[in-house]
Amino acid sequence: MAQLTYRPWHEGDDRTLLQLWGDAEGASPAQFRGAFAPDSDGADDAAPSPAAAWRRCIVAEDQGIPVAAGVVYEAALHPARLWVYVEVARDHRRAGIGTELLRRLRERTADVPARIAAAAGGGVPRLRSKVEAGSAGAAFAEASGFGLLQRSREVVVRPGALKLPVFGDGPAAETGLGDDTSPLVEDLATGSVELSDAVGRYYAAVHEWDPPAALSVGRAQQLFLSDAAGAHGAVVLRAPAVSAFGAGIAPSKKGRLRAFAVSYAGPASAAAEQPSEVLLGHEVRLDPADAQDAVHGLLALVAYQHPVRLEVDDSMAAVRAAVDPLLETGAAEQVGPETFTVGD
């Protein structure tokens with residue numbers, strides 16, 4: 001192998017490199033490949049779009065032919081760290097090219113904009129990446145000093161895996177009042193302010209290991225519950241409504257939200273018995289036992305007739321408490337390898 005040269009990314013490099021690299025070695029590399037692009041200084045606003053994000057991208061050439069590339073870039077939703085990704089052609093690996101690309105990318109982080117430096121605590125931002133268990137990327141990340149930040153799994157729960165609980169009939173079951181105006185299970189519009197607030201706070205709570213930027217209700221709705229996000233519908237589990245005037249008076253408000261399930265698959269998926277992708281979570285102010293009970297009950301409901309697919313992070317304690325026993329008994333199965341978010 002001749003002496004390699006390093007240069008910034010040029011338009012058209014993707015065609016050359018993709019032809020050389022072949023198919024991506026997993027879901028994470030496939031996603032990261034979309035980040036390769038010419039250098040960008042980003043937008044001045046505090047939450048730039050991905051296309052307007054700060055980015056530095058370096059290509060390694062062997063006798064004028066691109067064989068490897070690395071990119072480092074900001075993510076507005078998680079500003080404390082920068083994403084980094086390096087890929088080297090198979091026949092050029094174990095020659096120090098990836099290590100050299102990573103070193104050069106780290107050098108380039110010294111010129112990040114003030115907004116990125118501020119989010120990183122005033123210094124040079126740390127790096128993060130995502131790798132799949134047993135992959136070449138995982139081995140390279142470990143050798144480069146990256147440690148585990150979070151483990152994620154894709155899990156499919158089979159229909160009827162959990163016994164459907166008896167949720168009751170709202171206040172009528174509690175008070176004997178015949179007019180039930182507050183059911184415990186409710187279909188809720190994905191544009192609901194109440195739901196958007198609960199989802200946003202839940203996302204922040206289960207990502208304390210990589211703190212997100214402040215999530216307004218509107219931003220949470222846009223990211224997780226909008227048509228652009230693919231949200232199709234939502235169901236929530238509520239606590240029984242309680243009147244402020246005592247048990248003999250019908251409550252005027254709905255019970256508090258305990259858990260939610262947001263579906264990202266349309267009716268066609270259900271008809272074809274394909275697993276519906278579901279975001280399952282709970283009100284973060286519940287105590288752990290109540291959160292586990294609410295999530296368990298709602299999962300039993302949404303997976304009663306159709307399979308559901310969940311992303312389960314280790315930080316999602318209540319979801320794990322419901323899913324892990326199903327994996328042990330075979331009532332649920334993990335799809336694909338575990339994915340690790342790693343950081344320096």
Side-chain angles (χ1 to χ4, degrees), residues 3-18 20-21 24-25 28-62 64-89 92-93 95-131 136-138 140-147 149 210-213 341-344:
Q3 182 69 31
L4 270 66
T5 57
Y6 296 85
R7 60 165 174 81
W9 179 278
H10 296 161
E11 293 288 357
D13 282 338
D14 52 344
R15 293 188 293 272
T16 302
L17 285 167
L18 290 177
L20 179 64
W21 289 341
E25 298 174 45
S28 296
Q31 184 177 12
F32 276 125
R33 283 181 175 184
F36 289 123
D39 290 357
S40 170
D41 289 330
D44 292 333
D45 54 329
S49 67
W54 180 90
R55 177 189 292 103
R56 294 293 182 265
C57 192
I58 301 173
V59 173
E61 290 185 331
D62 184 2
I65 300 175
V67 295
V71 63
V72 60
Y73 60 98
E74 68 174 313
L77 185 56
H78 292 273
R81 292 178 183 264
L82 300 174
W83 284 109
V84 66
Y85 177 68
V86 171
E87 184 164 352
V88 181
H92 282 70
R93 292 177 183 173
I97 301 173
T99 299
E100 178 61 17
L101 280 169
L102 182 59
R103 184 191 68 79
R104 289 172 180 259
L105 290 170
R106 280 190 166 119
E107 286 183 346
R108 302 300 296 274
T109 62
D111 66 348
V112 295
R115 69 171 184 278
I116 298 178
V124 176
R126 291 180 293 174
L127 305 178
R128 78 165 86 73
S129 194
K130 188 173 287 189
V131 298
F140 175 72
E142 183 178 7
S144 300
F146 284 69
L149 298 177
D210 188 16
T341 302
V342 294
D344 61 4

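Counting from 1, the numbers follow the sequence of the chain as shown. This one's a predicted model, so the numbers in the text were calculated from it and none came from an experiment. These numbers come from the heavy atoms of this one structure, side chains and all, not from hydrogens, waters or symmetry mates.
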* Asked: Between the side chain of H92 and the main-chain N/O of V67, is any donor-acceptor distance below 3.5 Å?
  -> no
* Please lay out, stage by stage, how R55 and D41 fare under the test salt bridge (charged side-chain N to carboxylate O under 4.0 Å, His left out). => CA-CA 7 Å; R55 177 189 292 103; D41 289 330; over 6 Å; no
* Asked: Roughly how far, to the nearest 0.5 Å, is the CG atom of L4 from the CD atom of E61?
  -> 8.5 Å
* To do: Quick one: do E74 and W83 satisfy side-chain contact (heavy atoms from CB on, under 4.5 Å)? Show the steps, please.
  => CA-CA 6 Å; E74 68 174 313; W83 284 109; over 6 Å; no
* Going through the distances and angles, do L105 and L82 end up as a side-chain contact (heavy atoms from CB on, under 4.5 Å)? -> CA-CA 11 Å; L105 290 170; L82 300 174; over 6 Å; no
* Y73-W54 aromatic ring centre distance below 6.0 Å -> no
* Which atom names give the shortest non-hydrogen contact between A37 and C57, and what distance separates them? -> O-CB, 3.2 Å
* With E107, which residues qualify under side chain to side chain donor-acceptor pair (under 3.5 Å), at least two apart? -> R103
* Given the rule in the salt bridge (charged side-chain N to carboxylate O under 4.0 Å, His left out) test, do R93 and E25 qualify, once you have shown the distances and angles that lead to the verdict? -> CA-CA 14 Å; R93 292 177 183 173; E25 298 174 45; 2.5 Å; yes
* Asked: Are F32 and V71 close enough, and set up right, to give a side-chain contact (heavy atoms from CB on, under 4.5 Å), and what steps lead you there?
  -> CA-CA 9 Å; F32 276 125; V71 63; 5.8 Å; no
* Search all heavy atoms of V131 against all heavy atoms of A141 and return the closest pair with its distance. => CG1-CB, 4.4 Å
* With rounding to the nearest 0.5 Å, note down the distance linking CZ in R33 to CH2 in W21. => 6.0 Å
* Structure fact -> Sorted by chain and residue number, the side chain to side chain donor-acceptor pair (under 3.5 Å) partners of D13 (sequence neighbours excluded) come out as R7
* If every non-hydrogen atom of R56 is compared with every non-hydrogen atom of S40, which pair is closest and at what distance? -> NH1-O, 2.9 Å
* To do: Taking all heavy atoms of P212 and all of P79, pick out the closest pair and write down the distance.
  => C-CD, 4.3 Å
* Residues W9, D14; criterion side-chain contact (heavy atoms from CB on, under 4.5 Å); working and verdict -> CA-CA 9 Å; W9 179 278; D14 52 344; 3.7 Å; yes
* Asked: Does T109 use its side chain to pair, donor to acceptor, with the backbone of R106 at less than 3.5 Å?
  -> yes
* Under a 4.5 Å cut-off applied to non-hydrogen side-chain atoms, are R81 and P125 in contact? -> no
* Asked: Do P38 and E11 touch side chain to side chain, with heavy atoms closer than 4.5 Å?
  -> yes
* **Closest non-hydrogen atom pair between A213 and A76, with its separation** => CB-O, 3.7 Å
* Structure fact -> CD of Q3 to CG of D62, rounded to nearest 0.5 Å, is 10.0 Å
* From I58 CD1 over to Y6 OH, what is the distance, rounded to the nearest 0.5 angstrom? -> 9.5 Å
* Structure fact -> Hits for side chain to side chain donor-acceptor pair (under 3.5 Å) against R126, two or more places apart or cross-chain, chain-then-number order -> none
* Asked: Can you tell me how far the CD atom of E87 sits from the CG atom of L101, to the nearest 0.5 Å?
  -> 11.0 Å
* Would you sort out whether R108 and D39 count as a salt bridge (charged side-chain N to carboxylate O under 4.0 Å, His left out), showing the intermediate values? => CA-CA 11 Å; R108 302 300 296 274; D39 290 357; 3.4 Å; yes
* **Min side-chain heavy-atom separation V342-R128 under 4.5 Å** => no
* Asked: If you look at every heavy atom in V72 and L127, which pair is closest and at what distance?
  -> CG2-CD2, 3.8 Å
* Asked: So Y85 and F36, would you call those rings parallel, tilted or perpendicular, with 30° and 60° as cut-offs?
  -> tilted
